[in-house]
2 protein chains.
Amino acid sequence: MTTTSIFTPVQIGRAGEDIALQIEAAILEEKIPTGERLPSERELQAQFQCGRGVIREAIRALKQKGLVEIRKGAKGGAYIKHIEAANVGESLALFLKQKQIGPGYIAEFRESIDRVITILAIARADKVEKEALVTETSKLLQMLEGPEVDKETLARHDRELNIRLAKMSKNPIFEWVMEAIQLGYSSQDYALYDQPGYRRKTAENWHATACRIADNDPMKALNSIAAHYALLQRCIDEITEKPENDAESNETYA
Amino acid sequence: MTTTSIFTPVQIGRAGEDIALQIEAAILEEKIPTGERLPSERELQAQFQCGRGVIREAIRALKQKGLVEIRKGAKGGAYIKHIEAANVGESLALFLKQKQIGPGYIAEFRESIDRVITILAIARADKVEKEALVTETSKLLQMLEGPEVDKETLARHDRELNIRLAKMSKNPIFEWVMEAIQLGYSSQDYALYDQPGYRRKTAENWHATACRIADNDPMKALNSIAAHYALLQRCIDEITEKPENDAESNETYA
DNA sequence: CGGTTAGTTTGGTACTACCAATTTGACAAA
DNA sequence: TTTGTCAAATTGGTAGTACCAAACTAACCG
């Protein structure tokens, strides 16, 4: 009778969960197209026959999952949006942080991913992309020539190189994994750019890898990658041998 | 003893976000140890000087992130818990689902992960673990002998084998990635168990892989893995009989 | 001693009221 | 007509109250 009744009222416990699941399902089944918005909280409250707080909590859950973006004011509401890698990356970051996963494990994982990505990139990326990668690595080298070398800039450039390479694999999952790792736990990577000796070696290694990718030489490219992570591992070992930091301290909770 | 709270009241907009971040930070810095619980909603309401709804939404966000587990009743509340792979896996599943990632990409990613895991497992797992893996794959074969072959049971067993193998890599990240993939998008794997012809081949392949891992023969183990995914790819191709599977994905993720 | 029951704690829900941000549109001024 | 301004409507954000439901506690009764 009404076109607005794709949702059904709830009567049992955990209404909030149920509502969130219903809306989520509606979004994933594309009953509400991306870019459109959900009914307002007060409308949903009427449709679900529940309090507004429940609706708010449900929408909040969707927001946290990255399914919707919430805007205020007239014409505001919960707009369905594309999920970004950042959302999953954040979850991954939390996971790694709470599990106290050491940098060695991260490096090992990253190396394995990098190796596969490199092989795929050589096989699938076109000449333009490969040459662009070489150009970008050259820029990284040139940055080191300049007098003032900003560590943040170097790290950002390094991240962008990783993402660019991942895109060249033509498999979106690798691209996502790379973005998630970058977002989640790339801090130990910056360590490579802390010490001037490693800094240059790392940049040169990036350039060498890019050139070997452009030359369609997978074996040598893998050698470069291995060298990169050997460098990183050495760096990690040196850092973790340093004295204890102040990580554990005041536990003043009642 | 309401003297020194580790939380500070907020006055600007987005109080809910702010509170959630404060509590999350407190949890991650282990100011509240795992297993303990946050103050009750009403206490937090007093500490933060805000409405209870705000507190509820903040705690709800933490629950969605998997940081806390909420229990009702006296002695209830938000208990800090360990993040499980399921939380991240759910995010990944949403991501894959909304991005419409095809099974071919998933299979490719899984194969690359499987290869690395296998190498690591051969190098790091002890003899007991390897033999247990062989035993489990034998069970899978025996299942096929029986008359009633429940597809769900086979699939579950297959999942457990994957997780077991991932654990043997001794790198928790691979273990997590495997769990996430299993949770997120393992449905096309079941396709292998749909058709009787593939069913037996897959089980035999699992057994062969396990034996070669137990024999510490990485090259042959990798061959088995490759065979497994060749089988899977063939199955996928048969199912999606109209594949114009070239990269139409150039505009889906930007 | 053991089972039952009442009370307390705490999350779950409903409802109301008001604030803040944003869009829309009416209306006045140039 | 065009443009600037302001009021109204829409909608999320917050505060507060009240009550229900679940779960633990402890007193009470057999």
Side-chain angles (χ1 to χ4, degrees), chain A residues 4 7-24 27 32 35-81 253-254, chain B residues 1-2 5 7-24 27 32 35-81:
Chain A
T4 60
F7 301 128
T8 60
V10 292
Q11 62 278 14
I12 55 169
R14 270 77 180 185
E17 307 269 354
D18 201 63
I19 290 175
L21 288 177
Q22 278 193 51
I23 300 179
E24 182 181 323
I27 292 174
I32 308 167
E36 289 304 302
R37 61 166 210 183
L38 272 65
S40 73
E41 293 179 354
R42 291 167 178 86
E43 271 182 65
L44 287 173
Q45 175 183 5
Q47 284 191 27
F48 282 109
Q49 303 251 341
C50 65
R52 203 177 142 212
V54 176
I55 300 292
R56 284 190 58 78
E57 287 182 9
I59 292 181
R60 180 73 161 208
L62 298 179
K63 182 192 172 189
Q64 211 287 325
K65 288 184 181 181
L67 280 169
V68 299
E69 168 197 355
I70 297 174
R71 289 205 280 267
K72 283 173 70 175
K75 192 225 146 200
Y79 285 76
I80 283 85
K81 67 166 192 174
Y253 184 74
Chain B
M1 59 175 294
T2 61
S5 168
F7 302 130
T8 60
V10 290
Q11 62 278 13
I12 55 169
R14 267 76 178 184
E17 307 268 354
D18 201 64
I19 289 175
L21 288 178
Q22 279 193 50
I23 300 179
E24 182 181 324
I27 293 174
I32 309 167
E36 289 304 302
R37 61 167 209 182
L38 272 64
S40 73
E41 293 179 354
R42 290 167 179 86
E43 270 182 66
L44 287 172
Q45 175 184 6
Q47 286 191 27
F48 281 109
Q49 305 246 348
C50 65
R52 200 176 145 210
V54 177
I55 300 292
R56 284 189 58 79
E57 287 182 10
I59 292 180
R60 182 73 161 205
L62 298 179
K63 181 193 173 188
Q64 212 289 325
K65 288 185 181 180
L67 279 170
V68 300
E69 169 197 354
I70 297 175
R71 288 204 282 268
K72 285 172 67 176
K75 191 223 145 202
Y79 285 76
I80 283 85
K81 69 165 192 174

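Just so it is clear, the model here is predicted, and its values are computed rather than measured. Every chain is numbered from 1, with letters handed out A, B, ... down the list of sequences.
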Item to check | Atom-pair distance (CD1 on I55(A); C1' on dC15(C)), nearest Å | outcome: 14 Å
Checklist entry - In chain order, what residues pass the salt bridge (Lys or Arg N to Asp or Glu O under 4.0 Å) check against R42(B), with sequence neighbours excluded? => result none
Item to check | Whole-Å distance separating the CG atom of D18(A) from the P atom of dG12(C) | outcome: 15 Å
Checklist entry - What is the distance, rounded to the nearest whole Å, between atom CD of Q45(B) and atom C1' of dA18(D)? => result 13 Å
Checklist entry - How close or far is atom P of dA23(D) from atom CZ of R37(B), stated in whole angstroms? => result 15 Å
Item to check | Positions of residues 65-73 of chain B (non-hydrogen atom under 4.0 Å from DNA chain D), listed by number | outcome: K72(B), G73(B)
Checklist entry - Just checking G53(B): base, sugar-phosphate only, or nothing, at a heavy-atom cut-off of under 4.0 Å? => result nothing
Checklist outcome for this item: Residue set satisfying side-chain hydrogen bond (donor to acceptor under 3.5 Å, both in side chains) with E41(B), at least two apart, ordered chain then number -> R52(B), R56(B)
Next on the checklist: Rounding to an integer number of Å, can you tell me how far L44(B) CG sits from dT9(C) P?
Outcome noted: 17 Å
Next on the checklist: Expressed as a whole number of angstroms, how long is the span from K75(A):NZ to dA21(C):C1'?
Outcome noted: 13 Å
Item to check | Value in whole Å for how far the C1' atom of dG11(C) lies from CD of E57(B) | outcome: 15 Å
Checklist entry - So does R52(B) get a side-chain nitrogen or oxygen closer than 4.0 Å to the phosphate oxygens (OP1/OP2) of dT10(C)? => result no
Checklist entry - So which nucleotide from dG12(D), dA9(D), dC24(D) ends up closest to the side chain of A74(B)? => result dC24(D)
Next on the checklist: The test is side-chain contact (heavy atoms from CB on, under 4.5 Å); show your working for L67(A) and E24(A) and say whether it passes.
Outcome noted: CA-CA 8 Å; L67(A) 280 169; E24(A) 182 181 323; 3.6 Å; yes
Next on the checklist: Holding to side chain to side chain contact (heavy atoms under 4.5 Å, CB included), I want the full list of residues that pass it with K75(A), two or more places apart in sequence or in another chain.
Outcome noted: R71(A), Y79(A)
Next on the checklist: Nearest to the E41(B) side chain among dG13(D), dA14(C), dG11(C), which nucleotide is it?
Outcome noted: dG11(C)
Checklist entry - Under 4.0 angstrom, heavy atoms only, what part of the nucleic acid is R60(B) near: base, sugar-phosphate, or nothing? => result nothing
Checklist entry - Of all residues at least two apart in sequence or in a different chain, which pass the salt bridge (Lys or Arg N to Asp or Glu O under 4.0 Å) check with K63(A)? => result E17(B)
Checklist entry - When the distance from CD of E43(A) to P of dT11(D) is rounded to whole Å, what number comes out? => result 6 Å
Item to check | Student check: side-chain heavy atoms of R37(A) and I80(A) closer than 4.5 Å | outcome: no
Checklist entry - Excluding sequence neighbours, so at least two apart, what forms side-chain hydrogen bond (donor to acceptor under 3.5 Å, both in side chains) with E43(B)? => result none
Item to check | dG13(D) OP1/OP2 closer than 4.0 Å to side-chain N/O of R56(A) | outcome: yes
